[in-house]
Q: 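Mind having a look at this structure? Questions to follow.
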Amino acid sequence: MNIDVKLQRTRYQVLVVQRALILFLFVIVTACGGGSSSTNDDNVNSTDVTAAPIITAIVDQQSSKGSTYSYTPTLANPDNVGTVQWRKEYGDDDVSVDPETGAVSWSLATGMASESFYIGVRATNSTGYHIESWIISVDVSKIVYIGPGEAITSMTQAFGPDGSEIDSGTTYIMRDGEFSGLDNQVDWRNAGFFHGPPSGSQGSYTTLMAENPGQTTLIDGAWIRISGSDANAYMAFKGFLIRGEGAFLGTTGGHQLNEKSHHLKFIGIGVEGQATEDMQGYVPLSIFRANDVLVEGCYVFGAGRYKIANYQAERVIFRRNVARYDVAPAEHEPKGTFSMYSGYDINVQNNIALDGEHRFINTGAVGGEFMAPSTDHDARRNKFDRNIALNGNMQGLSIDSQKTNSEYPSRRNVAEAEFRDLVIWDMQPNNLFIHSWGMGFWDHTVMGKIHLRGSGYGYMVNAYNKDYARGIINSVLHDWSPATGFYGFRKDDTPMEVPGITDDGRGPIYRHGIDTVNISGIVSEGDILSLNVADTTLATDTFTYQDPLYSSSNPEGGLRYLVRVESGSNLSGNARDGGDLGATIMTFKGKSGTLWGEPGYDDETNIPMWPFPAETLIAEKMAAYSYTGFTYTGEESARVHGPVETLNGDRGFAEQGESLSHYIWGYLGSTVPPMDVSVIGGTGSATLRWSPHPAKHRITITGYRVYDFDPLTKIMNNPRDVSDSTFLYTVLGLENGTEYHFVVTAESAQGESSYAYSVSVTP
């Protein structure tokens, strides 16, 4: 292992000095009234807490398959931080962190592949928080550090044409800092060699990763671009921030008949797209003609025609990614945020598109926040589960079949996608909200506050009958304007026969029309036909017309928070399947780190989605973005230059004092509940802890309440009041051996919140 002990010691000393400075800054911020919210138990006053916790630096570690990895971090300043709440910031779904001690535990499966991973913990108190991450390598035989002061200082030295470190299964760790140019580029070179780490094997992934998530930046032509036709395989790339003109992450090139690259992982990587006007097809994160690929925990912003795209690739998973549409230098080209283009078996799980901007988008169709188009290749078996699009100017959805199929000349290529548990809210598209010239199906969705900016095709939802739009069911449609309605959503009790689709073993496929939905803010029961419906079946006997928005004057409203329907509300229990009308986006679909077909890849995890993983890092990087250039006005097909303006990244969820989770939960105006509530049992007692709200929300909080909770009836009772500066409460008088459930709410001038998640304990 190439580890310079002196350098490691020097690095630790530098970190200690840095953290001393952080401590000093936190004290200054606190004295000025700033900083995060406070965490104190009943025996600790705010005057006892003088600083945010600082976690002692943790060096990279190793472990073995079949063992249980354990590590307990320590604080560098334990005497003046009061009560501390610990939680996981980075790590596999099976990694657990003790909320009281920070102890980390991970049972490593015997059959897992050798690979290196991040683990990160967050310690929070009344003054602020600190995050510390490290790398754990599982049965990795060789680790190479790259960077200044190391024996290997660049990628070229490590695995270029004369590279000294090109062993399969190696973990390459690039030190924190900036790395630029061709010497630090993973790419296929014109000279005919692959400049990058070697392929791994099924049991041992080659891994190239940043020393700490987001702290190693590839700039000025340094990027990660895997040749789609070179059969690179079993490789993992993790934790980088890629920025600069042409910044790119993913696979590219290759003939579709060649053997494709496969079993690739892109984990926790940020891409700040920058492009010139002549880069028409530029996409900062693209999976192009590769199979069995995982894109997980990545974040993309800045320039690009699409932000995250898939093209003629198969068995690809896009999981837990965040994208923001800022700038689009792609004249006359279709544009979108997440585009699953002409691929088979594409799973899009728990992704978020938000705070998009249309002023810097030039001429060309704006395709949508979530897309599944097809051109010269079918788009089949695309599944979108538990995704959110919020506060944007893009078209909402596009399922678009564009070209005639060569195998079946009587039909166009199929564009097929299913959307389940989808929220699209507060959109201002130009002239169309849903474009479904293909087999689009929406089940358990919430689509509201959709206001068109221009004139368009005449229908809010246009499913011109090409490949049979399959319908919208079990959904909430609210506040659309102008309310120009539906086209082409017919209901048909006879299964569709679509060559190449219905003969692939999946069984019959039906068209459902518009069935079992709550419609409000568009039309009322008396004037439903004013939607100007054309060739659409409205199952009006299944419709409800309730106001879905919760308020003090409408306490029955089911939408208090966009991510779920409140129990006992006017939306609960009214779906065809006995569930709620609308979406539930509270837990993760698909186990972290799994590729298509691997155990757990498409399963319910029951792991809370909120707080969203790595949201602090994502907000930090997106907030730092800035772009100055021409704005555009007019219709999509004829936009013209407006004045030069500056677009700043510190907006929406990335605004100072905000967080991604609180931004989404608080979007409808209700008080946001604590999200990372934990409980630890004692003798006849249970101690609950939770973290403060981010600064923007904390200033409104006046107190908390701890309730007993019945998980079957969802009833809260026996409230216990807690002050706004206290984030720990011990419930006494419990019976040992009995299971108890609790929830915590927050109070503010807007009223008392609901709860986020319940916790259970057996004293």
Side-chain angles (χ1 to χ4, degrees), residues 1 62-67 69 91-95 106-118 135-144 158-159 163 165-173 186 188 194 196-209 224-239 249-252 254 256-269 287-298 310 313-319 343-347 349 590-603:
M1 183 188 307
Q62 298 190 63
S63 192
S64 301
K65 305 173 190 178
S67 67
Y69 169 78
D92 184 88
D93 284 350
D94 291 334
V95 173
W106 185 13
S107 295
L108 299 164
T110 302
M112 68 184 295
S114 299
E115 193 176 335
S116 293
F117 306 86
Y118 292 115
I135 295 170
I136 172 173
S137 297
V138 180
D139 282 335
V140 174
S141 60
K142 185 174 184 180
I143 300 174
V144 176
F159 39 69
E165 304 292 349
I166 53 173
D167 296 318
S168 176
T170 295
T171 288
Y172 304 91
I173 301 173
V186 174
W188 178 262
F194 177 70
S199 291
S201 63
Q202 185 173 2
S204 180
Y205 274 75
T206 298
T207 307
L208 174 63
M209 61 195 306
I224 298 173
R225 186 183 306 230
I226 308 300
S227 171
S229 63
D230 196 40
N232 299 288
Y234 299 103
M235 306 167 76
F237 302 89
K238 305 183 179 183
L249 172 67
T251 65
T252 186
Q256 63 189 64
L257 298 181
N258 289 356
E259 184 180 0
K260 300 176 182 178
S261 291
H262 59 92
H263 290 88
L264 306 174
K265 298 181 182 181
F266 302 98
I267 309 291
I269 300 178
I287 305 302
F288 187 103
R289 290 179 181 161
N291 297 337
D292 301 288
V293 179
L294 172 63
V295 178
E296 183 174 280
C298 295
N310 180 88
E314 300 180 28
R315 299 183 299 279
V316 181
I317 294 179
F318 295 87
R319 181 187 292 134
Y344 290 0
D345 295 312
I346 312 300
N347 285 27
Q349 302 168 337
K591 187 181 185 303
S592 67
T594 55
L595 281 77
W596 199 96
E598 293 182 345
Y601 85 101
D602 198 32
D603 292 349

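Along the sequence shown, residues carry numbers from 1.
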Q: Can you see which heavy atom on V293 is nearest to which on A290, and at what distance?
A: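 Scanning both residues, the minimum pair turns out to be CG2-CB, 4.0 Å.
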
Q: Got a sec, which residues hit side chain to side chain contact (heavy atoms under 4.5 Å, CB included) with D603, two or more places apart in sequence or on another chain?
A: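 With neighbours one apart ignored, the set is empty.
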
Q: Determine whether a donor-acceptor pair (N or O, by modelled atom type, separation under 3.5 Å) exists between the side chain of T252 and the backbone of R225.
A: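 Judged by distance alone, no pair lies under 3.5 Å.
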
Q: Once salt bridge (charged side-chain N to carboxylate O under 4.0 Å, His left out) is applied, do any residues pair with K591, and if so which ones, sequence neighbours excluded?
A: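 For K591, the residues satisfying salt bridge (charged side-chain N to carboxylate O under 4.0 Å, His left out) (neighbours in sequence not counted) are D92, D94.
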
Q: What is the minimum heavy-atom distance between N291 and A313, and which atoms define it?
A: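 Smallest interatomic distance, heavy atoms only, reads OD1-C, 4.2 Å.
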
Q: Report the distance from atom CG of D93 to atom CH2 of W106, rounding to the nearest 0.5 Å.
A: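 Answer rounded to 0.5 Å: 10.5 Å.
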
Q: Distance check, rounded to the nearest 0.5 Å: I346 atom CD1 versus N310 atom CG?
A: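 Here the rounded value is 4.0 Å.
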
Q: Could you list the residues that satisfy side-chain hydrogen bond (donor to acceptor under 3.5 Å, both in side chains) with T171, not counting sequence neighbours?
A: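 In terms of side-chain hydrogen bond (donor to acceptor under 3.5 Å, both in side chains), with neighbours along the sequence ignored, T171 is linked to S116.
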
Q: What's the separation between atom CD1 in I287 and atom CG in D292, rounded to the nearest 0.5 Å?
A: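 Separation between the atoms: 12.0 Å.
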
Q: Do side-chain atoms of T206 reach the backbone of M235 as a donor and acceptor pair under 3.5 angstrom?
A: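 Side chain of T206 to backbone of M235, a donor-acceptor pair under 3.5 Å: no, none is there.
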
Q: What residues form a ring pair (Phe, Tyr, Trp, His ring centres under 6.0 Å) with F266, not counting sequence neighbours?
A: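 With sequence neighbours excluded, F266 shows a ring pair (Phe, Tyr, Trp, His ring centres under 6.0 Å) to F237, given in chain and number order.
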
Q: Carefully, step by step, assess T251 and K260 under the rule side-chain contact (heavy atoms from CB on, under 4.5 Å).
A: CA-CA 10 Å; T251 65; K260 300 176 182 178; over 6 Å; no

Q: With sequence neighbours left out, write down each residue that passes side chain to side chain contact (heavy atoms under 4.5 Å, CB included) with S114, or none if nothing qualifies.
A: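 S114 satisfies side chain to side chain contact (heavy atoms under 4.5 Å, CB included) with K65, D139, S204 once adjacent residues are dropped.
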
Q: Could you work out, with ring pair (Phe, Tyr, Trp, His ring centres under 6.0 Å) as the rule, every residue matching Y344, not counting sequence neighbours?
A: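 Y344 satisfies ring pair (Phe, Tyr, Trp, His ring centres under 6.0 Å) with H377 only.
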
Q: I need the Y205 OH to S168 OG distance, nearest 0.5 Å.
A: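 Going from OH on Y205 over to OG on S168, the span is 11.5 Å.
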
Q: Just to verify, what does E296 make a salt bridge (charged side-chain N to carboxylate O under 4.0 Å, His left out) with, not counting sequence neighbours?
A: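 E296 satisfies salt bridge (charged side-chain N to carboxylate O under 4.0 Å, His left out) with R319 only.
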
Q: Taking the side chain from T207 and the backbone from A236, do they hold a donor-acceptor pair closer than 3.5 Å?
A: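 No, T207 side chain to A236 backbone: no donor-acceptor pair under 3.5 Å.
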
Q: Please identify each residue that fulfils side-chain hydrogen bond (donor to acceptor under 3.5 Å, both in side chains) with D167, with sequence neighbours left out.
A: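 Per chain and number, D167 pairs via side-chain hydrogen bond (donor to acceptor under 3.5 Å, both in side chains) with K142.
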
Q: Answer yes or no: is there a side-chain heavy-atom contact under 4.5 Å between L595 and K265?
A: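 Yes, close enough: below the 4.5 Å cut-off.
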
Q: Tell me every residue that passes side chain to side chain contact (heavy atoms under 4.5 Å, CB included) with D345, counting only those two or more places apart in sequence or in another chain.
A: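 D345 satisfies side chain to side chain contact (heavy atoms under 4.5 Å, CB included) with R315, R381, W596 only.
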
Q: Could you work out, with side chain to side chain contact (heavy atoms under 4.5 Å, CB included) as the rule, every residue matching S67, not counting sequence neighbours?
A: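 Only S63, S64, L108 meet the side chain to side chain contact (heavy atoms under 4.5 Å, CB included) criterion with S67.
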
Q: Under 3.5 Å, side chain of N347 to main-chain N/O of I317, donor-acceptor pair present?
A: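 Absent.
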
Q: Among residues at least two apart in sequence or on other chains, which ones pass ring pair (Phe, Tyr, Trp, His ring centres under 6.0 Å) with F159?
A: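 So F159 forms a ring pair (Phe, Tyr, Trp, His ring centres under 6.0 Å) with Y172.
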
Q: Looking at side-chain heavy atoms only, is the closest gap between T594 and P599 below 4.5 Å?
A: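 No, every pair of side-chain atoms sits at 4.5 Å or beyond.
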
Q: Using the side chain to side chain contact (heavy atoms under 4.5 Å, CB included) rule, pick out the option among I267, I136, I135 that qualifies with Y118.
A: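 Single side chain to side chain contact (heavy atoms under 4.5 Å, CB included) partner of Y118 among I267, I136, I135: I135.
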
Q: Indicate the atoms forming the closest heavy-atom contact of G268 with C298, along with that distance.
A: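 That closest heavy-atom pairing would be N-SG, 3.9 Å.
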
Q: Which residues pass the side-chain hydrogen bond (donor to acceptor under 3.5 Å, both in side chains) test with Y69, sequence neighbours left out?
A: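 Checked Y69 against side-chain hydrogen bond (donor to acceptor under 3.5 Å, both in side chains); matches are Q61, W134.
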
Q: Are the side chains of D602 and Q349 in contact, using a 4.5 Å heavy-atom criterion?
A: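 Side chain of Q349 against side chain of D602, heavy atoms only: contact under 4.5 Å found.
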
Q: Taking the side chain as every heavy atom from C-beta outward, state whether M112 and V138 have any pair of such atoms under 4.5 Å apart.
A: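 Counting from C-beta outward, M112 and V138 do come under 4.5 Å.
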
Q: Yes or no on side-chain contact (heavy atoms from CB on, under 4.5 Å) for M209 and F117, after CA distance, side-chain angles and deciding distance?
A: CA-CA 9 Å; M209 61 195 306; F117 306 86; 6.0 Å; no

Q: Restricting to non-hydrogen atoms, name the atom on A233 and the atom on S199 that form the minimum distance, rounded to 0.1 Å.
A: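 Minimum heavy-atom separation between A233 and S199: N-OG, 3.0 Å.
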
